[in-house]
Amino acid sequence: MHWRDFRESKRNGLVKPRHPDFKPKDGHSLWLSKDNEWVLPKLKGLQFDVPDSISKKGGGESWNDLVQNPDNWWDNRLNKVIPFSVLSLCS
């Protein structure tokens, strides 16, 4: 499983403070807290995918990544509780 490390992005304000610290393509995200600081020394030396840059406006970087690396993304459109057509009527 490939994990992405968002700790630096959080420190730099590139993602919201409540964004997960670590996030896999599939599975559960993880947040570090004072209760699990014991894991920090064990993370040293491990390789994580680190986002190159994160765009807050319009998600341009994300859209480019989706087009260039479609295998890194999964399609959740069919799993949405509210159909897209209903969402577009609400806005």
Side-chain angles (χ1 to χ4, degrees):
M1 181 180 306
H2 294 283
W3 289 85
R4 294 185 83 181
D5 183 350
F6 287 93
R7 293 176 292 172
E8 186 173 337
S9 297
K10 286 174 77 170
R11 282 190 293 269
N12 294 331
L14 298 174
V15 295
K16 294 181 180 180
R18 299 184 97 182
H19 193 278
D21 293 304
F22 295 93
K23 194 172 182 180
K25 179 179 176 183
D26 300 317
H28 299 286
S29 298
L30 296 172
W31 287 262
L32 290 172
S33 70
K34 291 187 191 280
D35 294 335
N36 54 23
E37 284 182 347
W38 59 270
V39 78
L40 291 174
K42 296 177 186 286
L43 295 177
K44 291 185 184 202
L46 296 179
Q47 295 291 320
F48 295 101
D49 291 333
V50 178
D52 292 332
S53 64
I54 298 172
S55 173
K56 287 185 170 183
K57 295 183 179 180
E61 295 288 331
S62 295
W63 287 113
N64 286 333
D65 187 54
L66 173 64
V67 172
Q68 294 172 4
N69 305 297
D71 292 337
N72 293 341
W73 295 81
W74 62 95
D75 188 347
N76 285 320
R77 291 176 293 179
L78 296 177
N79 296 328
K80 289 190 177 220
V81 177
I82 300 172
F84 179 73
S85 59
V86 174
L87 288 176
S88 61
L89 293 174
C90 295
S91 43

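Count residues from 1 along the sequence. This one's a predicted model, so the numbers in the text were calculated from it and none came from an experiment.
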If you group Ile, Leu, Val, Met, Phe, Trp and Tyr by side-chain heavy-atom gaps below 4.5 Å, do W31 and W38 land in one group?
no
Do L46 and W3 come close enough that some side-chain heavy atom pair is under 4.5 Å?
no
Is the backbone N or O of L32 less than 3.5 Å from a side-chain atom of D21, with the two atoms forming a donor-acceptor pair by type?
yes
Has K23 got a side-chain atom pairing as donor or acceptor with F6's backbone, closer than 3.5 angstrom?
no
Approximate separation, where rounding is to 0.5 Å, of D5 CG and L43 CG:
8.0 Å
Shortest non-hydrogen separation from K16 to K10 and the atoms involved:
O-CG, 4.2 Å
So which of R7, H28, R4 actually passes side-chain contact (heavy atoms from CB on, under 4.5 Å) with F22?
R7
